[in-house]
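In each ligand, atom 1 is the first atom listed, and ligand 1 is the first ligand listed.
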Amino acid sequence: MGSSDNLSAVLKCAKTIALEDTPVPQPLPGQVQMRMHSVGICGSDVHYWQHMRIGDTYVVPEPMILGHESSGTVTKLGEGVTNLSVGDKVAIEPGVPCAHCSFCKAGTYNLCPDVAFLATPPIHGSLRRFHCHAASFCYKLPDSVSLEEGALLEPLAVAVHACRRAHITAGDRVLVCGAGPIGLVNAMVASASGATDIVCTDIDDKRLEMAKQCGATHVINVRGLTNEGAVEQIRIMLGGHKADKAIECSGAQPSVKLAIHSVKASGTVVLVGMGPYDEIKIPVMTMSTREIDIRGIFRYANCYPAALELVKSGKVDIKKLVTHRFPIEKTVEAFETTLRGEGIKIVINC
Ligand code: 572
Ligand code: ZN
C-alpha cells in the first residue's frame, strides 16, 4: 500500500469516514492525474462529516470523498495538456467552472451555476492518493514553494478575494472579526496589501495570540463586551479613528453588528463568515445613513496566481498556520482534532 493503491477518505454517512481503496482515475482530455501530497481540512469538510449537508442546497445523498484544499505531483497527462509536465508539483484550484455561461465569460467564474467544486455534492473531493483535475486549474509550484504551502493556497485565495472585495489598499485601517483560519489568512493578506492597522477580534485568547503572528497590530477579546464597549475599544486602538474596512469572518450576529458599527461612514464590510442562519439582523439605519457597503463573497475567482505570488515572495508565511499533520490513514483522528477546535490548520499527508 502507498504508491499504487488509491486510499481515499470517503464520507459514508453522518459522523462516519471510511478509508477505502478506490479505482485510480485516468485523466480525461484536458486533465492531469496527480499523486496527492497535502490536503488541508476545511470547516465545510467537517460540516459535511457531521451533518451530511450544508443548508438545504448541498446535501450528500451517497458516499463522497472529502477534501478540497490540496496539492500533488503530476503523474499523467490527459490528451491535449500542454501547460504541465509529469513530475510538476501543483496546487489545485478546486472549482472548475463551465467556461460558457455569462459569469464565466465575465471572469466571475466563482458564480458559475455549473461549477464542479471538489467535495461539494455531487463532486468527489481530493483527499485520496490519486486524483484527476482540469490542468488549467492546476498551478505549477516553483521549487521555493512546498506542496504543503500549495494546498494552503486555497484558504489564502479566499482571503485574496475578500481583501479585493473590500478594496484593501496601502494605509488602510482594517478590522478582521474572527481569528479562525479564515480570519487569520485575511489578516495576513490585509497586511501584505499594505494595511497599516489591523485589529483582530475573537473570543479565544490563544487564537488572538496567533493573530498577532499573522499581521494583526492589535487584538481584542470581545467575549462579555457590549457592542458599544467593543466599538469604543477598537476606535481607541485605531488612534481615535474608525476602520476603513471590516472583514467579518465569524458569521456571528453580534460580530456582524460590531463590524458595521466599527467602520467609518463610506466604509466597507465584507461578510465572509457564515453562521447557521440564512437571515440575521442588520443595523440598517446605521448602514444607510453612513453609506456603508456590505458585500458578500463566494469562494474566489482569479485569485490563485496572487495567492501563489504572496507565498513565493515571502509576503505571506502561510505554513505557520499548520499546527497538526496526520497521514491519510489517520484521517478520522485529524477530523476529530479539527472538530475539537484544537490547533488552527490541520493538514493530511496522502
Ligand atoms: O474553500 C472554499 C470554501 N467555501 C466555503 C466554505 C468552505 N470553504 N463557503 C461557505 C459555504 N458555501 S456553500 O454555498 N456551499 C457548501 C457550497 O454553503 C460555499 C462557500
Ligand atoms: Zn474550504
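Using cut-offs of 30° and 60° on the angle between ring planes, the pair Phe335 and Trp49 is perpendicular.
Those atoms of ligand 1 that come under 4.0 Å of a heavy atom in Cys42, given as number and element, are 7 (C), 8 (N). Every atom of ligand 1 with a heavy atom of Met274 under 4.0 Å away is listed here by number and element: 10 (C), 11 (C), 18 (O). Every atom of ligand 1 is numbered from 1 in the order shown, and the set under 4.0 Å from a heavy atom of His68 is 1 (O), 2 (C), 8 (N). The ligand atoms of ligand 1 that sit less than 4.0 angstrom from a heavy atom of Ile54 are 16 (C), 18 (O). Every atom of ligand 1 is numbered from 1 in the order shown, and the set under 4.0 Å from a heavy atom of Ser44 is 7 (C).
Among all non-hydrogen protein atoms, the one lying nearest atom 13 (S) of ligand 1 is Tyr58 CE1, 3.7 Å. Of all protein heavy atoms, the one lying nearest to atom 4 (N) of ligand 1 is Arg299 CG, 4.0 Å.
In this structure, of Phe298, Phe117, Tyr48, Tyr300, the residue bringing a heavy atom nearest to atom 14 (O) of ligand 1 is Phe298.
Centred on the Zn ion (ligand 2), the NE2 atom of His68 and the SG atom of Cys42 lie at an angle of 110°, reported to 10°.
Between Pro25 and Arg128, the closest side-chain pair of non-hydrogen atoms falls below 4.5 Å. Contact of the Lys264 side chain with the Leu238 side chain is not registered, since no non-hydrogen atoms from C-beta on lie closer than 4.5 Å.
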Side-chain donor-acceptor pairs of residues 173-190 under 3.5 Å, sequence neighbours excluded:
residue	atom	partner	partner atom	Å
Arg173	NH2	His241	NE2	3.3
Asn186	ND2	Ile182	O	2.8

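Pairing each heavy atom of Phe326 with each of Ala334, the nearest pair is CD1-CB, 3.4 Å.
Cation-pi geometry between Arg35 and Phe130 is satisfied (NZ or CZ under 6.0 Å from the ring centre, within 45° of the ring normal).
Atom 9 (N) of ligand 1 lies below 4.0 Å from none of the non-hydrogen atoms of the protein. Taking a distance limit of 4.0 Å, we find that atom 19 (C) of ligand 1 is approached by some protein heavy atom.
Within the 4.0 Å heavy-atom criterion, the part of Glu154 lying near ligand 1 is the side chain and not the backbone.
Checked for salt-bridge contact, Glu209 and Lys212 meet the test: a charged N lies under 4.0 Å from a carboxylate O.
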*Evaluate the criterion side chain to side chain donor-acceptor pair (under 3.5 Å) for residue pair Thr337 and Glu342; output intermediate values, then yes/no.*
CA-CA 6 Å; Thr337 306; Glu342 284 171 34; 4.9 Å; no
